[in-house]
Amino acid sequence: MTTAQTQELDVQPTPLALLLLGREADPRSERGVECPGDLPSPSDPDLVERARAAKEKLGDKVFVLGHHYQRDEVIQFADVTGDSFKLARDAAARPEAEYIVFCGVHFMAESADILTSDDQKVVLPDLAAGCSMADMATAEQVAECWDVLTEAGIAEQVVPVSYMNSSADIKAFTGKHGGTICTSSNAKRALDWAFEQGEPSATKVLFLPDQHLGRNTAVRDMGMSLEDCVVYNPHKPNGGLTADELRAAKMILWRGHCSVHGRFSLDSVNDVRERIPGVNVLVHPECKHEVVAAADYVGSTEYIIKALEAAPAGSKWAIGTELNLVRRLANRFAPEGKEIVFLDKTVCFCSTMNRIDLPHLVWTLESLAEGTLVNRIEVDKETEAFAKLALERMLALP
C-alpha cells in the first residue's frame with residue numbers, strides 16, 4: 001500500500017504501533033535502557049574471567065538466577081537455574097543475599113522483588129529485557145475489559161487467572177479481583193480452584209495474558225470444548241465480542257501469546273515426523289491448540305527436562321520450546337544416545353531473553369562489586385501487596 005493510499009484511508013497508527021516503531025515512548029513501561037558507563041566489548045577475551053572475579057569478590061552478597069532460556073555464556077554463572085517462578089522462590093529462600101541478579105526478563109525480576117524481603121535488591125542486567133507476551137496486557141486495557149464485563153452483567157461471576165508471565169500490574173489486578181496466578185505446571189489446578197469460587201455452572205474465568213495456555217488447559221486437561229472459549233481482543237471495541245458471547249463463555253481468553261511458542265505450527269509437527277521416523281514430539285502448552293493436539297507430550301519447561309531425563313537411550317525427540325534450552329538439552333543428552341532436535345526448521349531464540357549477554361552481566365557484577373547499585377527492579381508497595389495476594393493464593397492451591 002502506498003503512502004497516498006494510506007492517507008486516503010485516513011489510517012491512524014495505534015499507540016502500540018508507534019511504540020513498536022520507536023516513534024513514541026511509554027514512560028510507565030520503559031524504565032530506561034542506558035547504562036551509566038560503557039559496557040565491555042563483546043569481543044573482550046577477558047569477559048569470563050572478569051565475571052568470575054567480580055562474582056567472587058561479591059561472595060554471598062550476590063545470588064545469580066538463570067532462566068532456562070538464557071545463553072550458555074550467561075547460564076554458567078547462575079547459582080540456580082529454573083523457570084520464572086522457581087527462580088523467584090529460590091531468591092526468597094536466600095535472605096542473606098543482598099543482591100539478586102536475575103538473568104531473565106522484566107516480569108520475572110518483578111516477581112522476585114515481590115517475594116523477597118525489603119532488604120534485598122533485585123537487579124536486571126539489561127532493562128530492555130522484556131517479554132512480548134507480558135506486554136500484550138496493560139493495566140489500562142485490563143481495567144477497560146473489566147468495565148466491559150461489568151456492562152455485560154457478568155463481572156461478579158468472573159474470576160481472573162493470570163499466567164506467571166505477566167507484569168506486576170496484572171498480578172495486582174488479579175489479586176484485587178479475587179483471582180490467582182498460575183504457572184504452566186499448575187494451570188489446571190488454578191482453573192479448578194477458580195471454578196470452585198462460585199456456582200460452577202455460572203462461574204467464568206478471565207485468563208491473562210496467554211490465550212494458548214488457557215485454551216489448551218481448558219480443552220485438553222478439563223474437557224471443555226473450543227466453543228466454551230472466546231478471545232477478548234483489547235484492540236477492538238468491547239474486545240470484539242458481544243454481551244451474549246461473553247455471557248455464554250466459560251473461558252474468556254486474553255488475546256496474547258508467546259512470540260517463540262506461537263511460531264510452531266501443525267506443518268512443523270508433520271514435517272518433523274516425515275524427516276525423523278519414530279520421533280516423539282514434545283511441546284510447551286504455550287503452543288497453539290492444533291500443535292498441542294498433534295504432539296505426543298505436552299508440558300512445562302520443567303516437565304520437558306524431566307521427560308528427557310527419563311527417556312530411554314536411542315529415543316528421538318523434537319522439542320517445541322525456546323532454542324537455547326533445546327540446544328543445551330541436545331548437548332547434555334547426546335552422550336546417552338538421545339537425539340534431540342528443535343521442532344521448527346527456522347532457528348528462533350527468545351529475542352528479549354537474549355538481551356542478557358555476557359557484557360551486561362559483567363557490567364552488572366563489576367558495578368555491584370564497586371558498590372554501585374544498577375538496574376534495580378522495584379515494585380511499588382500497593383502493587384506488591386495485591387500481586388503477592390494473588391501469588392499466595394497460588395501457593396495455597398491443593
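Side chains included, hydrogens not; waters and symmetry mates left out as well; all remaining heavy atoms used.
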Hydrophobic clustering (ILVMFWY, side-chain heavy atoms < 4.5 Å, transitive) - are [Y] and [X] grouped together?
X: Val205; Y: Leu391; answer: yes
X: Leu397; Y: Ile114; answer: yes
X: Leu124; Y: Ile75; answer: no
X: Ile252; Y: Tyr163; answer: no
X: Met251; Y: Leu246; answer: no

Pairing residues for [X] by the side chain to side chain contact (heavy atoms under 4.5 Å, CB included) criterion, not counting sequence neighbours:
X: Asp244; value: Thr242, Arg247
X: Ser225; value: Glu227, Asp228
X: Thr383; value: Ala168, Asp169, Ala172, Val379, Asp380
X: Arg273; value: Val269, Val279, Val281, Asp296

Hey, does [Y] have a side-chain heavy atom less than 4.5 Å from the side chain of [X]?
X: Leu308; Y: Ile319; answer: yes
X: Leu395; Y: Arg89; answer: yes
X: His68; Y: Ile305; answer: yes
X: Met394; Y: Thr183; answer: yes
X: Asp135; Y: Ser132; answer: no
X: Leu47; Y: Pro359; answer: yes
X: Lys121; Y: Leu368; answer: no
X: Met222; Y: Lys188; answer: yes

Nearest-0.5 Å distance that lies between atom CG in Leu208 and atom CG in Asn165: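 That separation rounds to 12.5 Å.
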Donor-acceptor pair, side chain of [X] and main chain of [Y], under 3.5 angstrom:
X: Asn238; Y: Leu241; value: no
X: Asp46; Y: Glu49; value: no
X: Glu322; Y: Cys350; value: yes
X: Asp79; Y: Val64; value: yes

Residue pairs involving residues 173-182 (criterion side-chain hydrogen bond (donor to acceptor under 3.5 Å, both in side chains); sequence neighbours excluded): Ser162-Thr174
Which residues pass the ring-ring contact (aromatic ring centres under 6.0 Å, His included) test with [X], sequence neighbours left out?
X: Phe107; result: none
X: Tyr303; result: none
X: Phe63; result: none
X: His284; result: His261

Donor-acceptor contacts under 3.5 Å from residues 148-161 side chains, at least two apart:
residue: Thr150; atom: OG1; partner: Trp146; partner atom: O; Å: 2.8
residue: Gln157; atom: NE2; partner: Ala202; partner atom: O; Å: 2.9

More than 12 non-hydrogen atoms from neighbouring residues, nucleotides or ligands closer than 6.0 Å to [atom1] on [X], yes or no?
X: Arg255; atom1: CZ; answer: no
X: Lys250; atom1: NZ; answer: no
X: Glu144; atom1: CD; answer: no
X: Glu56; atom1: CD; answer: no

Using a strict cut-off of less than 4.0 Å between a Lys/Arg side-chain nitrogen and an Asp/Glu carboxylate oxygen, indicate whether [X] and [Y] qualify as a salt bridge.
X: Lys57; Y: Glu370; value: no
X: Glu309; Y: Lys306; value: no
X: Lys345; Y: Asp267; value: no
X: Glu336; Y: Lys338; value: yes

Members sharing Val219's hydrophobic cluster (side chains within less than 4.5 Å):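 So far as hydrophobic clustering goes, Val219 is joined with Leu226.
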Which donor-acceptor pairs under 3.5 Å do the side chains of residues 92-104 make with protein atoms, sequence neighbours left out?
residue: Arg94; atom: NE; partner: Glu96; partner atom: OE2; Å: 2.6

Side chain to side chain contact (heavy atoms under 4.5 Å, CB included) between His67 and Ile356, worked out: CA-CA 11 Å; His67 190 272; Ile356 309 296; over 6 Å; no
Trp317 and Tyr297 aromatic ring geometry - parallel, tilted or perpendicular at 30°/60° bounds: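 Plane angle between 30° and 60°, so tilted.
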Asp271 side chain to Ser268 side chain, donor-acceptor N/O pair below 3.5 angstrom: no
His289 and His212: CA distance, side-chain angles, deciding distance, side chain to side chain contact (heavy atoms under 4.5 Å, CB included) verdict: CA-CA 6 Å; His289 181 68; His212 300 306; 5.8 Å; no
